[in-house]
Structure formats: C-alpha cells, structure tokens
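A short worksheet on the structure shown next.
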There are 2 protein chains.
Amino acid sequence: MTTNTPREQRHQRTRDAILDAARRILHEEGVEGLSMRAIAQRIEYSPAGLYEYFDSKEAIIGAVCQQGFVRLDRQLGTVDPALPALEMLAASCRNYLRFAADNPDFYMLMFTNAPLTGITAVSKTRSLEDILLTNPSFLALHRAVERCVQEGIFHVPQDSRLFLMSMTFWEILHGGAMLAIANHMERDLAQRGETAVSVLARGYQCKAGV
Amino acid sequence: MTTNTPREQRHQRTRDAILDAARRILHEEGVEGLSMRAIAQRIEYSPAGLYEYFDSKEAIIGAVCQQGFVRLDRQLGTVDPALPALEMLAASCRNYLRFAADNPDFYMLMFTNAPLTGITAVSKTRSLEDILLTNPSFLALHRAVERCVQEGIFHVPQDSRLFLMSMTFWEILHGGAMLAIANHMERDLAQRGETAVSVLARGYQCKAGV
DNA sequence: TTATTTTCTGAACAGCGTTCGGATTATAAC
DNA sequence: GTTATAATCCGAACGCTGTTCAGAAAATAA
C-alpha cells in the first residue's frame, strides 16, 4: 500500500506535518488564522514549498476534513456494542455531540467548507445515500438505528425507510451542533442533544399517534 | 423614526442600494464573489466610498443577514393561523425548508457567518433563549409548538419545557437544511423535512414509550 | 562522476479589506 | 449671494491573501 522508498516516506512525512500544522492552527487560532503562510511558517517552509505536496489550500483543508471524519468515527466507535440497542444509539449521539463540542472549529470546517463527497472519492454523480453509507461516521449511527429496528424497538413509518430514519437522527444532531457552535453555546450541547434525541426516538417507538 | 431630511433620505437610499447589490451578488455569484470591490462596482462607487455607509464588510453582511431573517419571518408568516395546530406547525416547517432551499447561499450565510445575536441588538451576555425569543423567525415556529401544547396535542416531557421543545424542531430543520445545502441536495429537502418533522411531532404526542 | 529528478525558495502577481489625504459636493449661516 | 461647515466620494496606498514561476539546492539514478 503505502510505498516504501525513502523518498516516498519522506514525502509522506512532510504531508503529515503539513496537515498536522493546519490542524493545530485551526485549533489554536480558528479558521481565520489558517493561511498557507501560517502553515508554512510552522513547518519552516516557504509558502511556495507547500505546493509540492498539495495542489491548493482547498486540498489541504479537504485532507484535514477527511482525517476529521476518521477521528469522529473513532469516537463513535468507542461505544460498547453490548449495550441495549436504544442505549447504544443514545451513547453514539452523545459521542457525536461531544466531538462537536470539543472541536467546534474543526466540526464547522468539516461540514461547511466542502461537500461530504470529499470524505470518500470525489464523485458528483453518486447520490447522497451512496455517499453517506460509505462514510464511517454516518455508518456508526446508521447501524445503531438499524439495531433498534431489527429488535422491534423502532417502527419504520410507512412512507420512510431505514436510511431516512438514520438521516433524521443525524439532522437533529447536526442542527443542534451547528446552532450551538454558531452561538458559542457548546456547553449546553450535550444536555440539549440528549433530550432531542430521546424525543425523536420516542417518535419512532410509537406506531400511531397519541 | 426614519428621519426625513433630504440628506438622510439619500443616505438611507444608498445604504439600501449597497445591501441590494450585496444580496444580488450573493445570489448570482455565491459568497466567494461577495467582495467590497464587487459591491462598489455594482453601484458605481469606489470601494472606499462604501465605508461612508458601513464600517466594514462584516457590517454589510450583518445587515444583509438581518434582512434575511425578516424575509424568513415573512415567509413563515404566510401560514394560515386558522389551521389546526399540528398542521400549522407542519406548514411552518415546510415554509422554513422552502426558504432554505430557495436561498441556499443566503441561508448558509445567515447561520454560519455571525452568531444569531446579530439579528437583534448585539449583546454577548444574553442567553440563547433570550436571543431566540426575540427573533421573529424563531418565534413563528415557537408559537406553533406552543399551540400544540396548549391544545393538549403535545406533551411536555418531564425534563423539558416549551422553549426546548421548539428548539428541537428548529434543530432538525436547520440540520436538514445545512446538510442538504452543503451537499447540493436542496431538491430533496422539502420531502425529507416533512417526514423528519412528523416523527419528531409523534415523539411529543406519545406520553410514554411504546 | 555525470545526468536526472525531486525539493525548496525568493520574487512577483492579482486580488482582498481597509485607511487616508484631498477633491468635490451639498447643506447651513450670515 | 457668499462664505463656512459638514457630508460624500475617489485615487492611491498598505498589508494581507492564494498562487505561479524561474532557478538554486539537494537527493537519487546511471
């Protein structure tokens, strides 16, 4: 896979250093401070030198976001699969919101700068469903919902299906995260998310109205 | 209120022309094309001339966003208050998502660029709740939820309250809108939002689980 | 040792938001 | 009507941005 000649190793190491510097700047100075010159300075390069490793600033941001989704995925992966389905879903949602609250600028960048196609291979013809179902972060959430359906805890509404159900959970998590970050209210995020998700879950548990 | 001396009238007219130009650029060229020089060119001014009317580009964007919320509010205000509470809520949500789908760049700017405090008077000490309850766009949604509670259609969960309930609706709407816009899937927005909101509403109708 | 490829830099370009001095214009005072 | 004052508006510049390019330096290959 990763080629092994010394030259290519060094090349990869420099690439990683660039991404690492970008991530640190994002964390320490926010997205406004994330400039090519700032990245170059951190790794003691000339700004022009970065273009040997990335085509553009956008490409660097894209790579940073890609790593961000891997990181988010890892955090979602820490939930115990032995938990009851509903609690596993709740725990996944909690972890999701914790990631957003802990990395607000990172999260914001991941979801505003580039379409999610950047996560996987860039392909404009694929549907959102195809794209998301190959996004590990979304998959973790998706599988938790799937378990709830398989165990008969959730009912699939007549005009819906499993994928759309997972989407609703993601939508409410994402909406809460974005609103909280935009208003610098990351502190309340976990608590509010808890109740929002529980209400949504209850909506899927009830078969009919009332 | 609005003063009337010819000078002040002209001043206000130029201000409006600037905001109008900014809005048109946003719509035609997206946020990347929204530069001071571009605005100045549209109203046949020098870039420096804009600073007689606004302190900064950020101030212009702030004013554009403020007008955006008024516009969103108007769209939410078109729902018939004679409708049954639940249908009124659904109609409000539909209108909200239609606004987002019709003005994606506008919507994105409104919710990412500045904290919502920009909507009303800027005040960092106010809580999110205070801020939102003076935001007409949010209030329209809030009142629809309020009606559902008052008419006994919605039950207030034990650990929640009216404001938080409205928030959950806004979160799921906002999350859906942002995800759709970021992935250029505005087309599916209305349909997906419909089901998401109905599930959430069902969650509030059911008192206990199952 | 020589030829070739990769890596890195300094200087520059066009664009950005913004500032400033001064010219132009409109209002106010006499 | 003339003068003083205030409101506008512009050209030029500053420091910043992402990016390009010719060429120097270094690493690899022959």
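So you know, we letter chains A, B, ... as the sequences are listed, proteins then strands, and number each from 1.
Residues of residues 35-52 of chain A having a heavy atom closer than 4.0 Å to DNA chain D, listed by number: A:Ser35, A:Met36, A:Arg37, A:Ala48, A:Tyr51. Heavy-atom distances under 4.0 Å link DNA chain C to no residue of residues 13-25 of chain A.
The aromatic ring centroids of B:Phe106 and B:Phe69 lie 6.0 Å or more from each other. B:Phe169 and B:Tyr96 have their aromatic ring centers separated by at least 6.0 angstrom.
Not counting sequence neighbours, the partners of B:Gln12 by the side-chain contact (heavy atoms from CB on, under 4.5 Å) test are B:Arg15, B:Asp16. By the ring-ring contact (aromatic ring centres under 6.0 Å, His included) test, A:Phe163 pairs with A:Phe138, sequence neighbours left out. A:Glu129 meets the salt bridge (Lys or Arg N to Asp or Glu O under 4.0 Å) test with A:Arg161; sequence neighbours excluded. When the side-chain contact (heavy atoms from CB on, under 4.5 Å) test is applied to B:Arg24, the partners found at least two apart in sequence or on another chain are B:Asp20, B:Glu28, B:Arg42. With sequence neighbours excluded, the residues that form a ring-ring contact (aromatic ring centres under 6.0 Å, His included) with B:Tyr53 are B:His11. By the side-chain contact (heavy atoms from CB on, under 4.5 Å) test, B:Arg143 pairs with B:Leu139, B:Glu146, sequence neighbours left out. The side-chain contact (heavy atoms from CB on, under 4.5 Å) test applied to A:Ser46 returns A:Ala48, not counting sequence neighbours. Residues that satisfy the ring-ring contact (aromatic ring centres under 6.0 Å, His included) test with A:His27, not counting sequence neighbours, are absent from this structure.
Taking 4.0 Å as the cutoff to heavy atoms of chain B, we find the contact window on DNA chain C bounded by C:dC16 to C:dT27.
Distance, A:Lys57 NZ to D:dC16 P: 15 Å, rounded to whole Å.
Regarding contacts with the backbone of D:dA7, every side-chain N or O of B:His11 stays at 4.0 angstrom or more from both OP1 and OP2.
Below 30°, between 30° and 60°, or above 60°: for A:Phe111 and A:Trp170 the angle between ring planes is above 60°, a perpendicular geometry.
In this structure, CG on A:Leu83 lies 8.0 Å from CZ on A:Arg147, to the nearest 0.5 angstrom.
Sparse packing is recorded around CD of B:Gln191, with 12 or fewer heavy atoms of other residues, nucleotides or ligands lying under 6.0 Å away.
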Sugar-phosphate atoms are those with a prime plus P, OP1 and OP2; base atoms are the rest. Using that split, label each nucleotide of nucleotides 23-30 of chain D B, S or - for protein heavy atoms under 4.0 Å, 5' to 3'.
-> ----BS--
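The residue A:Phe54 sits apart from the nucleic acid: no heavy atom pair falls under 4.0 Å.
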